[in-house]
Amino acid sequence: MAKPASDERLVDTAQICAEFGTHKSRISTWYNDRENSGFPAVRTVEGRRRLWAYNEVAAFFADREASRPVHKLPAGFHTADQGALLTTAEVSDVLGLSPSTVYWWLKNLPGYFPAPDENTSGMMWRRSTVAAWVASRPGKGRRSGSASNAAPLPTVAADGPDDELLGTKEAAALLGYKSLASFSSALYQGNLPELKETDAERPGPRGNIVKLWTRARIRRQAQARGAHAAPAAPSGSPDELLGAEEAAGVLGYSSAASLTGALNRGRLPELEEPDALIAQPGGRGRPQRTWKRSRLERLASMRAPS
């Protein structure tokens, strides 16, 4: 369990529910399935209280909100004074979000959410700015700029000089992410430790700082993440890699959650080291643990009653 930094804000389940408008049961569901949901790991435990890093929780909710439709604007929003200024709290309330989500978008996804129209005594947006942003989400789908409708990432050659500097879009493409938003979220949550330090930085077109990494550093992260795994073995072969759900079936567990629980409690020491880690689609969540079919079947025969 990671040791929290002395100045890191920690939050428990009740605080997460109050700040992000969710329920304890949903947090438990996300946490128990965190390999797929992307919910952060617990930082520390105090008595019976589990504590998470606030920034990691905020990143999780911001990423969820960025990939689903915004709530409809309240009745009368378009007929009210479109030049009137709204505070962050008012904008968040209109959009059905938490203020933390808006703050996270502005800090970590430049260009996704509009910059404030005024920022003298606090960030404020005109109604017309908010309405235009919501209108850019076609129909009931996602905003044109979200992960599913964003411009595709560039095609980046796998080969190239080790010292060549690449930006966030190129890094996201080389690491197998589907969108820049997914890459940014993973980077912010600390899921890409090789890229924590940049090799260079330059001013961006919006006044922000553009991060740059060498191709060699990105290659190291790709290898650690499993973004460039070896070709899959034929289905049914001894070398076929199986995830938790398939492994559970081979070993006689009722579900992937049951198998994962047994692993976490140390009841399957033979499987503590997976044969490969496979990146999740879109780069969300931790890489999936997989084991060779032959290894699982051998363990199943050992566990079978004589």
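Transitive grouping of hydrophobic side chains (ILVMFWY, heavy atoms separated by less than 4.5 Å) keeps Leu85 and Val94 in distinct clusters. Linking ILVMFWY side-chain heavy atoms closer than 4.5 Å, directly or via other members, places Trp30 and Val11 in a single hydrophobic cluster. Put simply, Met124 and Val130 are part of two different groups of oily side chains (I, L, V, M, F, W, Y) that touch within less than 4.5 Å, one to the next.
Remark: side-chain polar atoms of Gln221 are paired, donor with acceptor, to backbone N or O of Glu194 under 3.5 angstrom. Side-chain atoms of Trp291 do not come within 3.5 Å of backbone N or O of Ala247 as any donor-acceptor pair. Within the 3.5 Å criterion, the main-chain N or O of Leu271 finds no donor-acceptor partner in the side chain of Glu273. Under the 3.5 Å distance criterion, the side-chain polar atoms of Trp213 are left unmatched by any main-chain donor or acceptor of Ala171.
Note that OH of Tyr253 and CG of Leu268 are 4.0 Å apart. Values are rounded to the nearest 0.5 Å. The structure places CG of Leu212 at 11.5 Å from CG of Leu195, a figure rounded to the nearest 0.5 Å. A distance of 5.5 Å separates CZ in Arg50 from OG1 in Thr13, rounded to the nearest 0.5 Å. Distance check, rounded to the nearest 0.5 Å: CG of Leu242 to CZ of Arg293 gives 4.5 Å.
Ring geometry for Phe39 versus Trp52: interplanar angle over 60°, hence perpendicular rather than tilted (30 to 60°).
Surrounding CD of Glu297 are more than 12 heavy atoms belonging to other residues, nucleotides or ligands, all under 6.0 Å away.
Ala84 meets the side-chain contact (heavy atoms from CB on, under 4.5 Å) test with Asp81, Arg127; sequence neighbours excluded.
Arg43 and Glu56 are joined by a salt bridge, as a carboxylate oxygen and a charged side-chain nitrogen come within less than 4.0 angstrom of each other.
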